[in-house]
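Okay, structure first, notes after.
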Amino acid sequence: MFQTPDFKNNSYENELPFATRVLCAIVIGALGFGLIAALILTENISSSLPALVQQKLTQSGVQNPVTAVLLNFRSYDTLLEIGVLLTVAVAMLPNANFNSDINPDMPGGNRSSGRLVSVVNSAAGNPPLEAFLRWLIPMIIVMAGYMLWTGTALPGGAFQSGALLAGAGVLAQLSGRIQFCFTSTTAKLLLTIGLITFVMVAIGVATTTGVVLQYPLELAAPLILLVESAATLSIAAILLLSYNTLATQVFESPSEHSTFEHSAFDKQPSDVTETSAPNETLQSQTAEDPKS
Amino acid sequence: MTQDSLYIIASVGLFGIGLYGVIAAPHILRKILAINIMSVGVFMLLVTSAKNVNSTPDPVLHAMVLTGIVVAIAGTALALFLAGKIHALSEASDEDSH
């Protein structure tokens, strides 16, 4: 059912036969119609959960029901989610130190050593963007703090705030003046602080209430804020690491032929048209055959 | 009712388009995009079912969508990263065979 991934040329040689694709479309279409019919025809199943959340909201330490669910009632989910994010970060980390040596002028290059944030003089700098960012980045940071704080009462919270911070990081890199090093100790601390804090809180509250992740009533609000603040930093760091790794991914082949020209996403346009055009005409012919 | 139906049709439609893409798209990047389209369909359905006429929307479903989005981003990042690795390896083997 799944073919081997094809990177060579964006060719159609790897495509499923026409008949198989039609069959897939028909089966998926039928399933879709069935599902739509089932969903529309069934009566609304009323769940007791929303009422329960409203009822227990005063005990959660926060006023926003979504935050209450995320960080109190179902904080297990959030704990595991931060674990998932960290796993992705760990998978990418060994590769995070590749590229300022190869192309120091490329904006967004990670440094292989040094401090978390370093200011560089780069030929790829973008002065207007840089000047604008001097105003924008502090505002984004303030906004992220506001999002984090407001999450207790209104929509907002750790993820939104972390995403904003990561966005600030991406902008800083695009200016060409800032480079990050994710193998530095500070970076490692930032990447893991969310999970570490969360686990420590989980175990800590277990000693008083006897249940893992069940916050004592009077401490719920500060503990949620603590966990959220730590999670924000980790989420921002992990998102930025993912962006950096993907944006500057250099595909090194063992034979040392690798250069920036070998990007996975740079297809040779001429190759594509040459290889795909005949196949395409062939396919359109076969497609028309049954009709004629 | 009609508005709900519209959202249901749209979300199932997105899921179907994504599913077809995962099976039939030849290129791995398209498969990754297709998986993302599928997840958007699922999130849309969850948000639609969180709607409650009598009271506030179901916060449990909203929290699930929020968690889902973050996990989907992490999954996509990992998938793209692995796609890059596959590309590097297949290119290397291609050079060896020459």
Side-chain angles (χ1 to χ4, degrees), chain A residues 1-3 5-8 10-16 20-21 24-25 28-29 31-32 35-36 39-40 47 49-51 53-54 64-66 68-70 73-74 77-78 81 84-85 87-88 91-92 95 157 159 235 238-239 242-243 245-246 249 251-255 257-258 262 264-265, chain B residues 1 4-5 8-9 11-13 15-17 19-20 22-31 45 48-64 66-71 73-78 80-96:
Chain A
M1 189 158 106
F2 295 96
Q3 315 93 323
D6 173 29
F7 279 109
K8 290 295 172 294
N10 200 1
S11 78
Y12 290 83
E13 67 192 42
N14 224 351
E15 204 167 45
L16 290 173
T20 320
R21 280 184 289 142
C24 277
I28 291 169
L31 280 174
L35 200 54
I36 289 168
L39 286 166
I40 291 177
S47 159
L49 287 174
V53 171
Q54 287 299 331
N64 179 11
V66 178
V69 171
L70 274 177
F73 305 142
R74 292 187 64 95
D77 286 3
T78 311
E81 180 186 353
V84 167
L85 281 171
T87 311
V88 171
M92 289 182 168
N95 302 279
F159 298 108
I235 289 161
I238 292 166
L239 290 179
S242 308
Y243 168 80
T245 311
L246 293 174
Q249 198 168 24
F251 304 110
E252 294 185 42
S253 53
S255 49
H257 279 298
S258 84
H262 284 290
F265 315 117
Chain B
M1 183 62 201
D4 285 359
S5 310
I8 288 170
I9 291 165
S11 55
V12 174
F15 186 84
I17 291 167
L19 188 59
Y20 175 79
V22 171
I23 297 167
H27 197 279
I28 199 162
L29 284 179
R30 292 188 187 194
K31 284 188 196 294
L45 191 62
T48 310
S49 28
K51 190 184 139 190
N52 194 331
V53 194
N54 307 318
S55 65
T56 53
D58 188 349
V60 180
L61 290 175
H62 278 248
M64 277 173 73
L66 203 53
T67 310
I69 288 170
V70 178
V71 173
I73 288 172
T76 307
L78 191 61
L80 287 171
F81 177 68
L82 292 177
K85 286 284 167 198
I86 293 170
H87 170 72
L89 292 173
S90 59
E91 194 163 70
S93 62
D94 201 36
E95 277 167 8
D96 290 345

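Naming: A, B, ... by sequence-line order, numbering from 1 per chain. Remember, it's a predicted structure, so these values are computed and weren't measured experimentally.
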>> Can you give me the closest heavy-atom contact between B:Val70 and A:Glu81, atom names plus distance?
In response: CB-OE2, 3.0 Å
> Which distance, rounded to the nearest 0.5 Å, do you find between the CD1 of A:Ile36 and the CG of B:Leu45?
Replying inline: 10.0 Å
> Once you round to the nearest 0.5 Å, how far does CD1 of A:Ile238 lie from CD1 of B:Ile73?
Replying inline: 12.0 Å
> What is the minimum heavy-atom distance between A:Val84 and B:Ala74, and which atoms define it?
Replying inline: CG1-CB, 4.3 Å
> By a 4.5 Å heavy-atom criterion (distance strictly below it), what part of A:Val66 contacts chain B: side chain, backbone, both, or neither?
Replying inline: both
> Between B:Ala24 and A:Leu16, what is the shortest heavy-atom contact and its length?
Replying inline: CA-CD1, 3.8 Å
> B:Ala77 and A:Met92: which non-hydrogen atoms are nearest, and at how many Å?
Replying inline: O-CE, 3.2 Å
> Between B:Leu78 and A:Ala91, which heavy-atom pair has the shortest distance, and what is it?
Replying inline: CD1-CB, 3.6 Å
> chain A: which of B:Ile17, B:Val60, B:Thr67, B:Ile9 shares the most heavy-atom pairs with it under 4.5 Å?
Replying inline: B:Thr67
> If you look at every heavy atom in B:Ala63 and A:Val69, which pair is closest and at what distance?
Replying inline: CB-CG1, 3.5 Å
>> Less than 4.5 Å apart, side chain to side chain, heavy atoms only: is that true for A:Ile28 and B:Ile23?
In response: yes
>> Under 4.5 Å from any heavy atom of chain B, what part of A:Ile235 do you find: side chain, backbone, both or neither?
In response: neither
> Can you say whether B:Leu61 sits under 4.5 Å from chain A via the side chain, the backbone, both, or neither, judging by heavy atoms?
Replying inline: neither
> Of the backbone (N, CA, C, O) and the side chain (C-beta and beyond), which part of B:Leu66 lies under 4.5 Å from a heavy atom of chain A, both, or neither?
Replying inline: both
